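First the structure, in the form of structure tokens, and then the observations on it.
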Amino acid sequence: MTSKHPLFGFLPRNVSATQVQGVMEGDENPFTRLPHSPQYHKILESRKKLPVFTQMDEFYKMVAPGIKAIIPQFVVYSDMPQTKKKIVACTQPRRVAAMSVAKRVADEMDVSLGKQVGYSIRFEDMTEPGTTFLKYMTDGMLLREAMHDPDLERYSTIILDEAHERTLATDILMGLLKTLVKRRKDLKIIVMSATLDALKFQKYFTINEPAPLFKVPGRTHPVEIFYTQDPEPDYVEAAIRTVLMIHRAEDPGDILLFLTGEEEIEDACRKIKIEADDLVAQDRESVGPLTCIPLYSSLPPQQQQRIFDPAPPPRTPDGPPGRKVIVSTNIAETSLTIDGIVYVVDPGFSKQKLYNPRIRVESLLVSPISKASAQQRAGRAGRTRPGKCFRLYTEKDFMKELEEQTHPEILRSNLANTVLELVKAGVKDLVRFDYVDAPAPETLMRALELLNYLAALDDEGNLTAMGSMMSEFPLDPQMSKVLIASPEFYCSQEVLTIVAMLSVTIGLTMSPHAVPNIWLRPNNQRKEADTAKQLLTVPDGDHLTLLNVFNEYQNNLQDRNWAWNNYISARSLAQADNVRSQLLRIMERLEIDLVTKSYTDQARHYLNIRRALVCGYFMQVAHKEGEKGAYLTVKDNQVVSLHPSCGLDTQPEWVLFNEFVLTTRPYIRTVTEIRVEWLLELTANYYDLQSFPDGETKRALQRVLKKQTGKNPKAVALVTSDDKRPKKKVKAS
DNA sequence: GAGCACTGC
């Protein structure tokens, strides 16, 4: 560095606020060595008004030893990553946030996005190796990197933002980083979180001494909280009543009402509209127009945009002002911020994911929210000016009944994927791993059991070559197993498609991806939609139907209306195509054969695909019980029915299913017919009848075995689960 | 003859 360099005299991690402010005010950009633009100074002036700017000195004094808490740009001046070929990472739970914060910070630092400041999310890497020293990324993305480089060598500081949201990825990262800082003394970890959780994290990151804590005041307006006198028996009805009360009696300002799901929201919107029209009809002089806008994630983006429309204007120039009501799921609690909200109506419920390790099922349940969540909801009323929050429960219930925090995701999820990631990142003892909150031992056992049956882990819990390959795929372990097995059944191209389609189609339970189903069914064209679906259905199984839909879509790319004419979501198909390319690249990297058989014998080809599916989904098999359409799941003996969306034209004896959903009844969804012999041939370990629990399924399997006289199933195994069979081009990286 | 809180790789 020459004496002319703006950062001349800066000692790494030993700078003062005066020094930094001097450079910030200066004419030359220390990162690009170009003159600061006029816009830069304008932005800087407004940044200096933020309360945290007055605390810069306090911040830098704290950043010397230990693990700390705060703000990426300050860190960059102190770390000087650009001089050490190390970079600063800042994680976000969501992609949009990673992108938009990176953009803002690039503007503030007067550099172009993707150069000194960039972001990295799935499907998009906006960084320039060697140039980027401040990188925003999703927490899941950093977790992927940790799987390949457990020391995270390229980073000098890692900032975990929004840690209070406790996503699975953030929780796992905190565990890995706590161990890592003991090895890498030069690595700094900064955890940013809402105040309520700060002490918990501080305690967790106490290694020799407590991690320093740094408090930054927020910048919101006061929100007045109101409670009901008595509990409300019907929260939807109470919510509608409250919205109308606000509209009639409160000053102008938009309303945000939190409900739990699509159906409830659409229903409430209809009722609010009817009652608002009634109010107006009764009193045109004092009640203004009201528009009600639904908001949930499966709405097409265009309709989501409606929440930013202005409130309706008064009917006459001097008439009563109009008002906008947004009726939303939790999406408006964290993911989307809507300015201009002055009133929040909070009935105190949301749908929350739960995992039952006993029957291995994830389900959604309407549950009371936590205090932290209630606070977050109230805060939505004070973003632009002082607001009011109407809680539809009593103050006593708030104090006594609500939990402090929402249970972190790690306590409510199936951990099969997470366990594989942890093992790949080098964690040896999963039960004694230092979790912020440790999951139930039974949940860990279920995950280990599945991974062992899939031959991803050996009996001692060590990662196998198979497991190592499986961990490379951003998929559930069952799916990656099928992909890796597919070349032996001459169908990797087809399985790639099915897996890509599944990862954008599946709804909840086994693996929750909030993408609308590929099948569209507009309310007024249900019959037409069902007919269109029937034409694309393959009767052997829903998996093959998905393959067929994707292939037909590819064959008809020249027809821009094909998806629309067939009542299929073009958005989901485009997304499947994107996922498919990513998986294909991983297959190529791992040198897994990309094979396909010609379609001259389609029946045989379909048979092979179904056999490949068995290699990953042998634990998700059901057997028909009686003539009433009831099925029993293998091993767990749960009574289930085929989901009405299922395209099978008969009720086969044995089926394999993608997911088990617990809604009005227990259903299995995305179902394919299989032959019981395949279970005995392909997965002899699991279907070893000696260790199989007694029950109807075992008796059925025994009958089959008896018929196959003299045939030892293990002797004909094609894919065993002990991972000892010779494999072509397996790389055990 | 059903239904889908929200993210992420």
Side-chain angles (χ1 to χ4, degrees), chain A residues 91-98 120-125 137-148 162 165-173 258-266 295-299 328-336 349-354 362-367 369 373 406 408-409 412-413 417-418 420-421 424 470-477 479-480 503-509 511-521 523 526 530 569 572 578-579 582-583 585-586 629 641-647 659 661-669:
Chain A
T91 69
Q92 300 290 329
R94 284 168 291 278
R95 290 189 213 167
V96 220
S120 176
I121 58 178
R122 187 183 186 183
F123 305 126
E124 197 183 358
D125 183 9
M137 63 205 302
T138 45
D139 47 13
M141 205 69 186
L142 185 63
L143 186 53
R144 286 260 133 196
E145 285 188 19
M147 283 166 44
H148 290 107
E162 312 280 7
E165 288 193 27
R166 304 292 305 276
T167 65
L168 248 174
T170 303
D171 260 34
I172 296 301
L173 281 169
F258 285 100
L259 289 178
T260 65
E262 171 174 349
E263 199 182 333
E264 202 176 83
I265 287 170
E266 293 291 354
L295 177 65
Y296 42 87
S297 76
S298 59
L299 274 180
S328 171
T329 60
N330 256 7
I331 192 171
E333 195 180 297
T334 47
S335 309
L336 270 171
F349 292 95
S350 72
K351 278 195 188 162
Q352 285 167 34
K353 186 174 67 179
L354 278 181
E362 282 181 358
S363 53
L364 283 175
L365 196 68
V366 173
S367 331
I369 60 170
S373 190
T406 310
E409 208 183 347
R412 300 183 282 119
S413 310
N417 240 328
T418 307
L420 187 59
E421 284 163 356
K424 173 78 177 179
M470 282 167 58
S471 73
E472 296 291 318
F473 293 96
L475 297 170
D476 284 342
M479 286 200 220
S480 19
S503 68
V504 301
T505 323
I506 49 190
L508 57 158
T509 63
S511 178
H513 297 256
V515 176
N517 198 290
I518 56 156
W519 308 101
L520 300 177
R521 208 171 178 230
N523 275 339
R526 291 194 168 181
D530 289 348
S569 156
S572 297
N578 206 3
V579 171
Q582 190 195 22
L583 300 175
R585 285 194 301 274
I586 300 172
S641 318
L642 299 182
H643 193 271
S645 67
C646 172
E659 49 180 352
V661 291
L662 204 58
T663 51
T664 47
R665 283 159 59 187
Y667 285 109
I668 49 176
R669 194 157 56 184

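In this text, all values refer to a predicted model and were calculated from it rather than measured experimentally. Lettering follows sequence order; numbering is per chain, from 1.
Counting only heavy atoms from C-beta on, A:Tyr667 has its side chain closest to B:dG3 among B:dA5, B:dG8, B:dG3. Of the candidates B:dC6, B:dC4, B:dG1, B:dC4 carries the atom nearest the A:Leu364 side chain, counting heavy atoms from C-beta on. Among the nucleotides B:dC4, B:dG8, B:dA2, the one closest to any side-chain atom of A:Glu262 is B:dC4. For A:Ser297, the listed nucleotide lying nearest its side chain is B:dC6; candidates were B:dG1, B:dC6, B:dC4. Distances from the side chain of A:Pro474 to the nucleotides B:dA2, B:dC9, B:dA5 place B:dC9 closest. With B:dC4, B:dC9, B:dA2 as the choices, the nucleotide that has an atom nearest any side-chain atom of A:Pro644 turns out to be B:dA2.
Side-chain N/O atoms of A:Arg669 include none lying less than 4.0 angstrom from OP1 or OP2 on B:dA2. For the OP1/OP2 pair of B:dG1 and a distance below 4.0 Å, the side-chain nitrogens and oxygens of A:Arg665 include no atom meeting the criterion.
In this structure, A:Met470 places its CE atom 20 Å from P of B:dC9, rounding to the nearest Å. Taking atom CE of A:Met479 as the reference point, atom P of B:dC9 lies 16 Å away to the nearest angstrom. Rounded to whole angstrom, the span from the CD1 atom of A:Ile121 across to the P atom of B:dG8 amounts to 8 Å. The distance between atom CZ of A:Arg526 and atom C1' of B:dG3, rounded to the nearest whole Å, is 10 Å. In this structure, A:Met147 places its CE atom 18 Å from P of B:dG8, rounding to the nearest Å. Between A:Leu168 atom CG and B:dC6 atom C1' the separation is 13 Å, expressed in whole Å. As a whole-Å value, the separation of A:Leu299 CG from B:dC6 C1' is 14 Å. Atom CG in A:Asn330 sits about 6 Å away from atom C1' in B:dA5, given to the nearest Å.
Using a cutoff of 4.0 Å between basic side-chain nitrogens and carboxylate oxygens, A:Glu165 and A:Arg94 are scored as salt-bridged.
The residue A:Thr167 sits apart from the nucleic acid: no heavy atom pair falls under 4.0 Å. As judged by a 4.0 angstrom heavy-atom cut-off over every strand, A:Arg94 is placed among residues touching the sugar-phosphate backbone only. Residue-level contact check: A:Arg166 touches neither bases nor backbone, having no heavy atom under 4.0 Å from any strand. Using a 4.0 Å heavy-atom distance criterion, A:Phe473 is classed as making no nucleic acid contact. Residue A:Thr329 is in sugar-phosphate contact alone, with no base atom involved, counting any heavy-atom pair closer than 4.0 Å across all strands shown. Residue-level contact check: A:Gln352 touches neither bases nor backbone, having no heavy atom under 4.0 Å from any strand.
Where A:Leu475 and A:Leu295 each meet DNA chain B at their nearest nucleotide, the meeting point lying more 5' is that of A:Leu295. Residues A:Asn417 and A:Arg412 each lie close to DNA chain B; by heavy-atom proximity, the contact nearer the 5' end of the strand is made by A:Arg412.
The line from CG of A:Leu299 to OG of A:Ser328 is 9.5 Å long, rounded to the nearest 0.5 Å.
Within 6.0 Å of CD in A:Glu266 there are more than 12 heavy atoms belonging to other residues, nucleotides or ligands.
When side chains are defined from C-beta on, A:Arg95 does not count as touching A:Glu124, because their heavy atoms never get closer than 4.5 Å. Taking the side chain as every heavy atom from C-beta outward, A:Ile331 and A:Tyr296 never approach each other to under 4.5 Å.
A donor-acceptor pair shorter than 3.5 Å can be found between the side chains of A:Glu333 and A:Ser373.
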